[in-house]
Every structure is written in C-alpha cells, then in structure tokens.
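Numbers restart at 1 for each chain; the letters A, B, ... are given by sequence-line order, proteins then strands.
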Amino acid sequence: MEHWLHFARGPMFVAALAVLGLGMARLVLLNGASLAVMLHRTRSHGRTVAWKRVLHNTFLALRPFPASGGARPWYSLLSLVFHLGLLLTPLFLAAHIVLLERGFGVGWWALDPVVADWLTLGTIVSALGLLFLRVGSPLSRAISRPQDYFLLLLILTPFVTGYLAMHPLLNPWDYDATMLVHVLSGNLILGLLPFTKLSHVALLPVAQVFGEIGWHLRPKAGEFVAQVLGKENQPI
Amino acid sequence: MRLLTVKSILWFFAGFGFVVILLRMLHGVGSVVALNDLLPWGLWKGGGVVALVPIGGAGFTLAAFVYVFHWRRYEPLARAAVLLGLMCYSSVAIGLTFDIGIWWRIVFPVFFWQFHSTLFEIAWCIMLYLGVLAFEFSHAILERLRWTTILHLVEKVSIVFIILGIALSTLHQSSLGTLFLATPYRLHPLWYSPLLPLLFFITAIGLGCLTITWVTLVTHWLYGVKQPLAPLTGLARIASIVLGAYLVLRLGDLLVAGKAGYFFTPDWNVLNFWVELLLSAILPIVFLSRRSYRESPTALFWIATAAIVGMSLNRVNVAGLATLSATQATYIPSWAEWFVTLGILSAAGLVYLLCVEHLRVFPTIGGAQVEGAHDLGTIDPAGWHTTFFRAPFAGARFFSAVFVAAVGLVLVLLPDSAVFGARPEPTPTRGPRSVELQRLEDASADLVQYVFPIEPDRGLETQRTRALLLDADANGRYVLFEHERHGDRLEEQGRTCAACHHQSLPFAQASSCRTCHRDMYQPTQIFDHGAHERSYGGNADCPTCHTDPTLPKTKATTVQCKECHPAMVETETLVRTGAGQEQSTLASGYKDAMHGLCVTCHQREVERGSKRPGFGECSACHRDVPTITGTLQRLREVAPRSTPMQSEGGRP
C-alpha cells in the first residue's frame, strides 16, 4: 500500500501535472486559433463584434448571484460555497504546502487548519446539495450528461477522503488506503481538467466571446426548421 | 480513416519520445538507458544509427539512378527517396545527440578534428550529407513557395551536389563497416570480416531500393492511391541482383576464411546468423526472381519488409548483438530507450507525411487525395466526437489530445530514476529503541558503564535502568542514550532542557547528538583488505596482521589498525572510554564515507563557482529531511577532510 501511495504521490502526480500543463496550453492555443478564424469569418461576412456587450456579459456571468436573486437562489448559494472551497482548500492546505515544499521547494501562506476543516465540510455539503438539486429538478435532469454527475462525485472524493485522513477517529478505513484514494482521485481531477467541462477554469473569460461570435443562426434558419417540421405556413 | 489512425499512433509515440528526451536532457543519459561498460552501444546507436543509415541509403541510390545514369523510369520516386534519406539522417543526428553523455558536445567534431578517428569521418560525412540532402530537397520547398529565380539557380548547381552526395554516402556507408574492423575479438566470427566496409556499402544499395519500395507502397496505401508499379518492379530487379552479389560475397568470404565450420553448430548466434541471412538476402532473392511477385504490390510489400527487418538485424548484430557472446555482457534495452527510438522515428514519419501532403513529393499524391484521406464523413454534432473533431483545426484538436495523453502515460510508466533523476539508494536506518540495561557507576573516575545485554550475575553492584539504543545503520556499533543521566550532567554544567529541546524548532524537535558531540563526524579510513594485501605482497605476509595462523581469521584475532596507524586515534573526543579501556577508532561507517565521497566534489564545484542553486548546501542531497540545513563549508568545519593515512613505525 505504501508503495502505491509513493507511486501516486510521485510519478503519477508529476504525470497529472504534465497533462494539466500541456492540456491547458493546448486548450489556450486551440481556442486562440479558433477565435482568430471565427473573428476573421465574422469580419469577412461584414459583421462587427459588440465587444462592450461581450465584456459586460462576461462580468455578469462571473457574479455569484444574478441581480434579481436568480431563478434558483439556493443553487447559486451552494455553487458559491462549492467553488470557494474547491479553490481555497487544495491550494492553501498546510499539509499540501509541506508536500510541495519538499518536492519542488516552493511554498506559500497556508490556511488555518480549523478554517480548512470548515471549508472542506462546506464543500462536501454544497457538492451534495448541488447533486440533489440537479437530480431533483426535472429540467436539470433532462439536460444533464453523464459527465455532469461523474465530475461532481469525482470532486467530492478527495474532499471526503481528505477530511477522513485528517480526522483518524472518524475514519473507518485504513489511513494509507484513504490517502491512496485521496491522491488518486486528486490526480484524476488534475488530468481531466483540460479535457472536460472543468476546463472552464481557464476558458471562462472567453466563453462569452465564443457565444457572441460563434453562435449565430444561419439566415432564414427559422424557415428551414419550419420546413423540416412540416409547419411551413404556420406563424413562428 | 487509416491515415488518421496511423497519424494518431505516430503522435502518441512522439509524445513518449518527447518526454523521455526531455528527462534524459535534465537527468543525464544514465537515468534512462540500460547500457553498461561491456555494451556501450545499445538500441540508440546500434538500431537508431547503424541500422538507419542504410535505410536512408535510398537517397543516394535513387539519386545515382536518376541523375547520373539517367534512368528516367525512376524519376517519380527520386524526390521521395531524397526525403526518406533526409528523414533517416535527421533521425540519426538527433538520436546520436541524445546518445552521447554530454549532449551539447554533438557539435565538437566541427571544432576539434581527430584525424585518426573513424567516428570523426562518419560525423563529418553525415553532417555534410545531411546538408546535401537538405539542398536536394529544397527543390520541393522552393517549388511550393514559387521562388522561381532561386529554384533555377538551385537546379543549375544541383548536379554538383548530387555527385557530392553520392560520394559522401559511399564514404560513410562503408566507413560504418570500417568502424567495426576495430573489434575483431568482440564480434562473433560469423560477422567479423575484413570485407565489412564493402558489405555495408553493397547492402546499403540493395536495401535502399527496397526501402523506397516499401515507403512508396505504404504512402500510396495510406492515401488510397494506386501504386506506381513500373518503377517498383525495376527497383525490385536491381535489389535482387545487388543482394545476390552480397550473398555470394558474404558466404564466399566466410568459406575462404575457413569459418564454414560455424554454419551448422547448434548455437544462438548461428541461428541468429541464418535468420538474418534468410530475411535480408535469401528470401528476397528467391521471391524477387519471379516476375509475378515483382509485379504484385502485396508481395513486394512483404519482401521489402523482410529485407528491412533482416538488414536492420544485420546492423544491430554487428553493432552489439553478435558481441554479447564474446563479452558476456547482458543488455535488455530499457523502456525509455524504446520510447526514444520510437519517438524520433514517429516524429520523422510525421514530418515525412507533412511533406507528402503539402509538397509535391509523389506526383501521384496531391491535394484531392490528401483531402479524401482525411475525410471523416458526417459527424453527429451532439456526439462526443465533436469535442475532438470539430472544425476548425479538427486534426490539431485530436492529435494534440493524443500527444498530451501519451505524455501523461509515459510519465506514469517510467521508473522513478528516469522521472526524478538517478540518486543513490537511501540506506535503511533503524530508529532508536528502548532497552533495559544495567548501570555501573564509578564515582572516583566520574564514569558510568553500561552492561548490555543484562548479565544477571552482576546484580548487586549494578542498577537496572532503561535507555535508548541508537544503532541507525544496524552494524552493531551502538550508542546507549540514557535521558535521565544526560539531564543530570547538563544540570551540573548549569544548562537546562533547552540545550536539546527547542520549542522554536519545527515540530518542536530535539537537537541531534552531533550538535554537542562534534567528533561523531571525525573522519577515519575505511579498511581496504585488498590494498593491504597487495602492499604486503599477497598471501606470504598474512601473518603480519593475522599473527597466529592457527586461529580463525576474525577481527578479534587480528592486529588492530592503530598498531600500525597510531595517527588514526582521536585524541580530543567527547565519547568517554571506560577505565582501563583504550580509545580504538574504527571506520566511522557509511555516513562519513558517503559524505567524503560526495562532499569533495560538491565542494570543488562550489569553489569553481558552480551556478547550480543550492549545490553547496546540505539540502542539495538531504532533500527529504527538512530539518537538515546549512552549507558544506560548515560541514567541513565540523568534519575536516580526511588526510592520507600516515604510517608511523609500521609497514607502509
């Protein structure tokens, strides 16, 4: 078990980091190139890009709560807690920083362990809440793909195992086994980051740009749809 | 779809090679290869250089056929042959760069001329020929760029370069054989021959014809285009004649040299010889003599494959495999070596396909065929495929994902030493353990003696107590640490618990013993029995140390070091010896030996102004122990470098 743990924390972690770094570089390059092509296309069609609106929309999308409280205020709140815990805990946990200092010789300020504990619990609870809301709402369920459930559960795993590892009295399993699951799931998240919807950590700022210039219906698209549906003469 | 599959495989292996090459550049060649002193030429040189050069021989063979002999029939293949040569020789140069220990010295043959070295000649030939190939292939690039003026200029002088290229190839193809004339006793007699240079040259021509055949067939198959059979049939004919000449020469040479006796001895080497000869010459000659096989693409493909495999086996045999029986070396290429070889070849293959797609390499393959081969048909826009095959940049999307996946996978597969660099194995140490012992106080001498293990007979005069037994390297030379007594003694000196227990240190750690007992680090010599034996004249003088020949030769029955080397004894030591006991110093053990070994060089490098960060600090080696800090300068103060053993009054 110790051997596996060593392997997961060593070469496998390096591999996950390499995949993360290269994968992110790949995403940035591909999306940059696609953006250039799409901008060129937009210009050659004689259209202009409303940059102001794009910028405005980007900031609007970044707000944790929509102006009116949103259609699903609970979902917004849980999502905020979830994202806070997700960002802060792994990066500023004292134990992680000690590992980083040993391995790479770099370290930074750490969270107070009590705060980290509460953040972890908050993340677990909010992740469960998000899962519940996703399953509970028929509308959400209809547009959910398998990866939406899988990624949520995958993200939950290192938080649960990490909490259990830090609180041995609560942990029904062997410490090394818990740690192994913790490290493996963490590595998997790092590796999957550039290839799943998790890539929004890097692509969030350009998402609105793509929406603005990439998603236009063709001219007369509505008539085509009506034709396909056999409702040509009905009012749209 | 088959093109896409092949390209993804090539990108995958390119990712493998990319990582290993990067790690090899960071950590040195020893961290990735399985080579040893008996077999210093492994997969990279034997397979990647010696075998790839004749495969690239297609370039000069076809150049000679088309531009010197004016056999116009082969013109459609000439440019592809030059490109194949360019790819093979580039792979050779790149592979060689990573095979030499200090890789950036690959340019040294340009500046330091070693006229007596065969490798010097090969290095220059390959360098020049690579330049010539690049020049020859520049036609295609200039044509594509439509730089007609320069193209005309290049075409005017190109015949000079073509002849130069043929001359250079003749030189280095044969001198690769010359290289192995230097190893008459390493190489198995079935391969060693004074004719090696000639054999290497002839086979390069024969193999050149068949490799360009193979590459043409495969490229046309990939793009779904009908193969140009007329030139291929002609090449097959030439190859069978050249390989026939080779077979006659090789077997004739072996017969004349009286080595025919080896032919049928049951031995792995002989089996290897026959397999090699069968694949590289006999089978191709037999099958290519039939017209129907010469005109069938399938048959040609398999015959060419057999010849390439067989002839590569021939080069690998000469470069290493056939030396194993003479040198008794064992060598199995490591994964990393395979990854680098595959990676470089895959990258070369990708560049080749890139040229085929964008330049006019084959007159039969152009824009329409390339587009057709890349066509994926209609894709469901909602399916997962769109993540990777969405336009624009459908190819880049998919291949880059394959590349990244390969990088991750290879990092997981490689051993620790390749990823993090080779480091000395840490010695397993034992932590202190609590033991029960007897204490014997001698108030007059202010000395305490411990009896361990307990001797029940001495019950009255002694006092039972517990202490920590410290014997980290488990060599039986332990120290007993009695906490209470340490406290008492410190108190006598007016010091407090804080002398050892600093609450300010990380994890509230106690000071280590060496903080006070500096002389733990005093160096002494390790006893080298062999050196003593030699200087005393071997077996005759055993009684010098083992004084009583009737007794078993153990440490207890032998003269102590200090009898001859009194200077070894430490005088100002804090470690007390019991009354009536003498201070006898033995080798201090692994730790000091390792310190002496590493610190000397580290110190020298720091004095020479090494720019490596932290090279002169203890943490350069003790990476996993955050509490070990300080610089080597300090270590040196604690432990002065050992001086050569002085002999006072003894034999040398």
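- Residues of residues 11-21 of chain A that come closer than 4.5 Å to chain B, counting heavy atoms only, are A:Pro11, A:Met12, A:Val14, A:Ala15, A:Ala18, A:Val19, ordered by residue number.
- A:Arg26 places a side-chain N or O within 3.5 Å of a backbone atom of B:Arg397 that can act as its donor or acceptor partner.
- For A:Leu139, the CG atom sits in a loose shell: 12 or fewer heavy atoms of surrounding residues, nucleotides or ligands are nearer than 6.0 Å.
- Looking at B:Val412, both its backbone and its side chain come within 4.5 Å of chain A, counting heavy atoms on both sides.
- For A:Arg141, the CZ atom is densely surrounded, since the number of other residues' heavy atoms within 6.0 Å is greater than 12.
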